[in-house]
Amino acid sequence: MIMDRLYKAAAESPVCVGLDTKIDYLPACIANMDTNDGEKIFEFNKKIIDATADLAGCYKVQVACYEALGLEGMSAYARTVQYARAQGKLVIGDCKRGDIASTAEQYARGHFEGDFEVDFLTVNAYMGYDAVSPYLPYVKDHDKGLFILTHTSNPSAKDLQEQKLEDGEQVFEKMADLVEKWGGDLVGESGYSAVGAVVGLTYPEAFADIQARCPHTFFLVPGYGAQGGTGKDIADIFKRSRCAVINSSRGIICAHRGKTEGPDFVDYIRDAAAAMKEDILQWL
Ligand SMILES: O=c1ccn([C@@H]2O[C@H](COP(=O)(O)O)[C@@H](O)[C@H]2O)c(=O)[nH]1
């Protein structure tokens, strides 16, 4: 089962390397290559994957960065997810899709089959169950997994997600309960279900609350590094259970900026991934 695989990978390294690659991030040795932007982005990502494969529990590829470059960008997205998976790594497509069922069916097909096939997809389920149900046949029959936005890491997350409902519960708490319920019959040997939750590291109290409500839910946790989350914040989560992969994108893939424009850029990126792993594991 896919979440069992991620659980095992996360036990080796909870670091999820975020490939949010933008043209500005490319060192001159790649930016000056005589080819199109999509090729350059893929070249950068490939070198990062090669340099970090033994340090990363998984990769998260942020589709927005590729969509922004049109067809060349989406070709780089496809090649990146295919390359990482061919190296035996688990890949999360961070697409945050959310729509009515007939449309969600097409998103599911687009991201769990064909050129853009990933192992996990992030889904925005604030439209309710029918925005999630079209993915479940892939989860049940094709060993795919989901990460559902539950409490996001951004400052404005509280505008809606922390609003109190009539019964006194907060909106994100309802979502957490739904995620745990939707994964109820999809729990693997690890004790975690194939329906995971995205919860930001930047809201420690909400995290503790969600963790208590969701004993079978595995977490994708953004917010480390560039957004201010620290190893100590992760330690608090892991003291309760080793139930998460922790994403860092800019904190890793921009580590070379201002230091080198040459092929040694990967050394800085590898060092940043290694430092993050050490920062997390030192508390265990
Ligand atoms: O609540 C959320 C959900 C997703 N993200 C995504 O994670 C990365 C974070 O990048 P950093 O550079 O490490 O800040 C990015 O792809 C976001 O879209 C999130 O930050 N918060």
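Each ligand, and each atom within it, is numbered from 1 in the order the structure gives. Position 1 is the first residue of the sequence; numbering continues from there.
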Check ion pair K40-E72 (N to O, under 4.0 angstrom): no
Under 4.0 Å to a heavy atom of R250 - the qualifying atoms of ligand 1, by number: 11 (P), 12 (O), 13 (O), 14 (O)
Heavy-atom nearest neighbour in the protein, as seen from atom 7 (O) of ligand 1, with distance rounded to 0.1 Å: K60 NZ, 3.3 Å
Check: Q227 N/O within less than 3.5 Å of ligand 1 N/O: yes
For atom 17 (C) of ligand 1, the protein heavy atom that lies nearest, with its residue and separation: Q62 NE2, 3.9 Å
Contact check: S153 vs ligand 1, nitrogen or oxygen atoms, below 3.5 angstrom: yes
Whether Y77 and H111 hold their rings parallel, tilted or perpendicular, with breakpoints at 30° and 60°: perpendicular
Whether H151 and F172 hold their rings parallel, tilted or perpendicular, with breakpoints at 30° and 60°: perpendicular
Proximal ligand 1 atoms for S248, defined as those under 4.0 Å from one of its heavy atoms: 13 (O)
Option among D279, N247, D233 that satisfies the side chain to side chain donor-acceptor pair (under 3.5 Å) test with Y224: D279
Shortest protein heavy-atom distance from atom 13 (O) of ligand 1, along with the residue and atom involved: S249 N, 2.9 Å
Protein heavy atom at shortest distance from atom 16 (O) of ligand 1: D20 OD2, 2.5 Å
Contact check, side chains of W283 and I234, non-hydrogen atoms, under 4.5 Å: no
Heavy atoms from other residues, nucleotides or ligands near NZ of K96 exceed 12 (cutoff 6.0 Å): yes
Short N or O distance, T152 and ligand 1, threshold 3.5 Å exclusive: no
Ligand 1 versus N154: contacting region, heavy-atom distance under 4.0 Å: neither
Proximity to ligand 1 by part of P222, non-hydrogen separation under 4.0 Å: side chain
Centroid separation F265 to F44 less than 6.0 Å: yes
Aromatic plane relationship, Y129 with W182 - under 30° parallel, 30 to 60° tilted, over 60° perpendicular: tilted
Test item, K96 contacting ligand 1 (heavy atom, 4.0 angstrom): yes
